[in-house]
Number of protein chains: 2
Amino acid sequence: MTATTDQGAALRIAAGRKPFVEPLRLGERVKEIRLANQWTLEDVSQRTGLARSTLSKIENDQISPTFSAVQKLIDGLGIDLPQLLSPPKVQTRTMGRRDLTRRGHGELHPTPTYEHELLSCELAQKRMIPFKTIVRARAFEEFTEWVRHDGEEFLMVLEGEIRLYTEYYEPLSLSDGDSIYFDSAMGHALVSTSEADAVVLSVCTRGDGTS
Amino acid sequence: MTATTDQGAALRIAAGRKPFVEPLRLGERVKEIRLANQWTLEDVSQRTGLARSTLSKIENDQISPTFSAVQKLIDGLGIDLPQLLSPPKVQTRTMGRRDLTRRGHGELHPTPTYEHELLSCELAQKRMIPFKTIVRARAFEEFTEWVRHDGEEFLMVLEGEIRLYTEYYEPLSLSDGDSIYFDSAMGHALVSTSEADAVVLSVCTRGDGTS
DNA sequence: AAACCTCGTTTCCAATAGTGAACAAGGACA
DNA sequence: TGTCCTTGTTCACTATTGGAAACGAGGTTT
């Protein structure tokens, strides 16, 4: 009768991982979305190609839709599955944090070739890592190997002039105010080409958990 | 016959969003996972409570599993749905891209209060959005409402002096070289406090799919 | 090589999903 | 009030899924 008629299977499921099967009020969710858009069952039927009756039963948890039906739903409603499944939108969105760094008050990390100044290091869980770098290197030869890390990097020259060496491209000259965005898994290295050391601002994405 | 028998529905689907229905080789994916763990169909049957035969048919795209079956699959296999759906785990790690923007050659987006210059707009799929902004506003009152968007934002003052108003904090003054990192879902607004318009560099995280 | 496993596929049937039509239950309109 | 019209639910029926058992292809043991 119900959509979750499991009879004997329930026993076997016990061998599985989660003892309690998430109810996953899918129907409820669909209805929510439908009403939020002020659509009637007929409208959704048009959009999804599913019968009005079918939609009604899905919304009332009277049937467990076929996966192909779910597909029709998701691209009929113009949403994606995660959206359909995350029942509440309780995104527990961390918000309201902030972290100020006054000029010259970042955390210093000197290396032979660069002098890094980490910029917002009070904040622990952040998606970007900003830092100011004084480029000491004057020749590509000073690097023993490519600098390389997961994610992406944005870089803007604040002072002076640099030359950006990358693994797959010809070297590039950048002056004060120029900026570049690149995949940082591609080997890269910076040298100053101006008299004084150049200064650049970089922002890297954090190695995230999506992998 | 096949799992993707759509007949007339295809027409109506045209009214929807995506014209091409993602094949979504679900069966293929399941098999992949099964083999990766060196499980036999019987093993998976035990874990999921689905019959061997059913699993076989699912793997060979001979049937479109019921949503309840999919549920049994995901918690039987100990994975989550996104994982099941992202077809290849080869994240096709994009790498080797780059996008140079010379000073003053970004894409201009003027507003009453700000003058934005998008910085690396050639690149489509990127995790950060960098832009330079000339702050025209001189008073908080010029904003009709908080600026607010998902994700996080990093900001450094390049020229002049600004005052940063945020929803949950007292206003903050920032001078040339100062920087700040904050959750951009928190309402925020910038005004110039120097004689000339201030210039700031911002980098936002993209509204990602991790939700 | 015959008997016996194990694994994946296929077959057949019962259970259930999906459909169109019929059915209330409101609203609008005359 | 009575006649539409629209909306969501229920019904009767067909199409499809899901399960137990049969099957066929290797592999192992004897």
Side-chain angles (χ1 to χ4, degrees), chain A residues 1-16 21 24 26-77 84, chain B residues 1-13 16 21 24-77:
Chain A
M1 206 66 58
T2 69
T4 48
T5 302
D6 281 338
Q7 304 125 298
L11 314 175
R12 272 165 297 171
I13 259 200
V21 192
L24 244 192
L26 191 140
E28 204 175 315
R29 193 81 190 82
V30 172
K31 188 163 195 170
E32 220 175 285
I33 296 173
R34 180 170 67 81
L35 295 180
N37 292 68
Q38 296 199 279
W39 286 330
T40 78
L41 283 184
E42 182 58 29
D43 292 333
V44 177
S45 171
Q46 300 277 338
R47 291 175 158 273
T48 59
L50 292 166
R52 264 211 328 274
S53 52
T54 307
L55 293 168
S56 169
K57 291 183 207 160
I58 291 179
E59 286 192 352
N60 297 32
D61 279 311
Q62 285 169 16
I63 62 174
S64 164
T66 283
F67 195 77
S68 75
V70 174
Q71 281 190 93
K72 291 181 189 171
L73 264 179
I74 63 180
D75 61 33
L77 298 181
L84 221 191
Chain B
M1 204 66 59
T2 68
T4 47
T5 303
D6 281 337
Q7 303 126 300
L11 314 174
R12 273 165 296 175
I13 261 199
V21 192
L24 245 190
R25 297 291 216 283
L26 191 138
E28 207 174 314
R29 192 80 191 86
V30 172
K31 187 163 194 170
E32 222 174 282
I33 296 173
R34 180 169 67 83
L35 295 180
N37 292 68
Q38 297 198 276
W39 286 330
T40 84
L41 283 184
E42 182 58 31
D43 293 333
V44 177
S45 171
Q46 301 278 338
R47 292 174 158 273
T48 59
L50 292 167
R52 258 205 341 268
S53 53
T54 308
L55 292 167
S56 169
K57 293 179 205 161
I58 292 178
E59 286 192 353
N60 297 39
D61 279 312
Q62 284 169 13
I63 61 174
S64 164
T66 284
F67 195 77
S68 74
V70 174
Q71 283 190 92
K72 292 181 189 171
L73 265 179
I74 62 179
D75 60 33
L77 297 181

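First the proteins, then the strands, lettered A, B, ... as listed; each starts at 1. In this text, all values refer to a predicted model and were calculated from it rather than measured experimentally. Excluded from the calculations below are hydrogen atoms, water molecules and symmetry mates; all remaining heavy atoms, backbone and side chain alike, are included.
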Distance check needed: [N] [atom2] versus [X] [atom1], whole Å only.
X     : N      : atom1 : atom2 : value
A/L55 : C/dG18 : CG    : C1'   : 10 Å
B/K72 : D/dT17 : NZ    : P     : 15 Å
B/Q62 : D/dG19 : CD    : P     : 15 Å
B/K31 : C/dG8  : NZ    : P     : 8 Å
B/L73 : D/dT17 : CG    : P     : 15 Å
A/D61 : D/dT10 : CG    : P     : 13 Å
B/I58 : C/dT9  : CD1   : C1'   : 14 Å
B/Q38 : C/dT6  : CD    : C1'   : 16 Å

* Can you tell me if B/T48 uses its side chain to pair, donor with acceptor, with the backbone of B/L73 under 3.5 Å? -> no
Gap separating the [atom1] atom of [X] from the [atom2] atom of [Y], nearest 0.5 angstrom:
X     : Y     : atom1 : atom2 : value
A/T54 : A/E59 : OG1   : CD    : 11.5 Å
B/I58 : A/F67 : CD1   : CZ    : 10.5 Å
A/L55 : A/R34 : CG    : CZ    : 8.0 Å

* Does a nitrogen or oxygen in the side chain of B/S56 sit under 4.0 Å from OP1 or OP2 of C/dT9? -> yes
* Does A/N60 make a side-chain N or O approach to OP1 or OP2 of D/dT9 shorter than 4.0 Å? -> yes
Choosing from [options], which nucleotide comes nearest the side chain of [X]?
X     : options                : result
B/P65 : D/dG18, C/dA21, C/dA17 : D/dG18
A/L41 : C/dA17, D/dG8, C/dT10  : D/dG8
A/S53 : C/dA21, D/dG19, C/dG18 : C/dA21
A/R52 : D/dG18, D/dG8, D/dA12  : D/dG8
A/K57 : D/dG18, D/dT9, D/dC11  : D/dC11
B/T40 : C/dG8, C/dT19, D/dT17  : C/dG8
A/L50 : D/dA21, C/dT19, D/dT10 : C/dT19
B/I63 : D/dG18, D/dT10, C/dT11 : D/dG18

* Test: A/K31 and A/E28 ion pair at under 4.0 Å -> no
* Name the nucleic acid region contacted by A/T66, choosing base, sugar-phosphate or nothing; use a 4.0 angstrom heavy-atom cut-off, strictly under. => sugar-phosphate
* **Residue met sooner reading DNA chain C from 5', once B/D43 and A/T54 are mapped to nucleotides** => B/D43
